[in-house]
Undergrad: 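Quick one: this structure, given as structure tokens, is what I'll be asking you about.
Indexing begins at 1, ligand by ligand and atom by atom, following the structure's order.
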Amino acid sequence: MSETGFEGRGVIVTGAGSGIGRAAAGQFARQGAKVLVVDLNQETAEQTVKQIEADGGAAWALVGDLSDDQVVEQVKATALDAFGRIDVLVNNAGIMDRMSAPAETDDAEWERVIRINLTAPFKLTRAVLPTMLTAGRGAIVFTASEAGLRGSAAGAAYTAAKHGIVGLTKNLAVMYRKQGVRANAIAPGPTMTGIQVEARPDAHGPGVIGSMMGANMGRMSTPDEQAAAIVFLASDAAININGVVLPVDDGWAAV
Ligand code: NAD
């Protein structure tokens with residue numbers, strides 16, 4: 001096996017029907033992984049699988065809402081059925097908030113964003129951990145965000161969720177460092193994907209953070225550029241990298 005190869009390995013990628021997740025699923029498959037493509041959207045999940053198969057790779061689709069506990073269990077069971085092992089989990093699926101400042105964030109916005117962006121990745125991680133711990137190896141990669149590093153990149157709910165992902169990444173790294181399971185995250189800057197921002201027309205947030213983002217954000221990246229960092233962190237080349245949050249942001253975090 002090559003240093004960064006994934007021949008024969010089982011990889012789960014959430015949100016793999018679009019954007020960063022689709023790019024990551026493709027890159028893992030090209031390196032020999034068997035990939036479980038998980039997404040809410042049946043059509044786009046199946047398209048990702050078709051693209052991988054057309055490229056000569058192996059992939060399966062699992063369609064469902066990851067905020068549903070039953071779907072979380074199905075993901076684990078389907079992965080074990082399909083490839084008999086789980087070497088890598090990429091917790092990538094996510095949604096934007098409405099750029100609302102804390103005082104204008106209602107319960108529905110808060111709960112939806114925290115449930116999908118923080119609770120669902122936690123629950124899926126908890127579901128696959130026993131398999132990884134029994135195997136004595138595993139790599140978990142989260143797609144955090146620049147909003148996990150600073151307060152000026154999104155609304156209150158998304159910022160809190162992504163900071164939560166950063167904390168979870170570090171806690172996993174500490175808890176399982178002696179048992180062969182690593183956890184890392186990427187923190188993308190702005191990336192050309194299908195993610196939708198439906199900012200509240202009356203939101204205080206965009207006016208405040210817009211003036212701070214400006215030129216600091218750097219260039220817009222491609223999903224493949226983000227995916228390359230995910231694949232690296234999941235690979236054996238990163239065997240000594242654990243608990244890291246890697247900005248993939250053209251230097252935004254350095255400003
Ligand atoms: P995207 O919308 O193109 O892809 C996200 C995918 O996740 C979609 O296919 C969607 O159907 C799926 N998804 C959403 N909620 C789901 C759920 N409950 N269950 C199952 N699947 C679900 O967006 P993207 O930009 O590729 O987003 C991937 C990750 O990158 C997200 O966590 C996002 O927060 C993060 N991110 C994106 C950017 C950016 O600029 N695009 C920047 C920083 C972080």
Undergrad: Which of the listed options, A144, P190, A45, A147, holds the heavy atom that is closest to atom 44 (C) of ligand 1?
TA: A144
Undergrad: Would you check the N or O atoms of T44, main chain and side chain alike, for any that come under 3.5 Å of an N or O of ligand 1?
TA: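 No, since none of the N or O atoms of T44 sits under 3.5 Å from an N or O of ligand 1.
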Undergrad: Give yes if a backbone or side-chain nitrogen or oxygen of I20 is under 3.5 Å from a nitrogen or oxygen of ligand 1, and no if not.
TA: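 Yes, there is a polar N/O contact under 3.5 Å.
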Undergrad: Could you check whether atom NE2 of H163 has more than 12 heavy atoms from other residues, nucleotides or ligands sitting under 6.0 Å from it?
TA: yes
Undergrad: Tell me, please: is D65 in heavy-atom contact with ligand 1, that is, under 4.0 Å?
TA: yes
Undergrad: For I116, counting its heavy atoms only, list the atoms of ligand 1 lying under 4.0 Å from any of them.
TA: 15 (N), 18 (N)
Undergrad: Looking at L66, which atoms of ligand 1 are within less than 4.0 Å of one of its heavy atoms?
TA: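 Checking each atom against L66, I get 17 (C), 18 (N), 19 (N), 20 (C).
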Undergrad: For ligand 1, which atoms have a heavy atom of Y158 less than 4.0 angstrom away?
TA: 33 (C), 34 (O), 35 (C), 36 (N), 43 (C), 44 (C)
Undergrad: Give a yes or no on whether a salt bridge exists between E73 and K123, defined as a side-chain N under 4.0 angstrom from a carboxylate O.
TA: no
Undergrad: Measuring from non-hydrogen atoms of G64 to any atom of ligand 1, is the shortest distance under 4.0 Å?
TA: yes
Undergrad: Considering only the protein, which heavy-atom contact is closest to atom 9 (O) of ligand 1, and what is its distance?
TA: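 Going by distance alone, atom 9 (O) of ligand 1 is nearest to D39 OD2, 2.6 Å.
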Undergrad: Applying a strict under-4.5 Å side-chain criterion to I, L, V, M, F, W and Y, I'd like to know whether I52 and V38 cluster together.
TA: no
Undergrad: Any donor-acceptor pair under 3.5 Å linking the side chain of T14 with the backbone of N92?
TA: yes
Undergrad: Out of A93, G94, P188, P223, whose heavy atom sits nearest atom 43 (C) of ligand 1?
TA: P188
Undergrad: Which ligand 1 atoms are under 4.0 Å away from a heavy-atom of G189?
TA: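 Near G189, meaning under 4.0 Å from one of its heavy atoms, ligand 1 has 40 (O), 42 (C).
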Undergrad: Name each donor-acceptor pair under 3.5 Å that joins a side chain in residues 226-234 to protein atoms two or more places apart or in another chain, with its distance.
TA:
unit_1	atom_1	unit_2	atom_2	d
Q226	NE2	T191	OG1	3.3
Q226	NE2	S221	OG	2.8
Q226	NE2	V248	O	3.0

Undergrad: May I ask whether M96 has any heavy atom positioned less than 4.0 angstrom from an atom of ligand 1?
TA: no
Undergrad: Of all residues at least two apart in sequence or in a different chain, which pass the side-chain contact (heavy atoms from CB on, under 4.5 Å) check with A185?
TA: F142, A144, T169, V245
Undergrad: Salt bridge (charged side-chain N to carboxylate O under 4.0 Å, His left out) for D236 and R9? Distances and angles first, verdict last.
TA: CA-CA 12 Å; D236 288 353; R9 296 193 184 174; 2.8 Å; yes
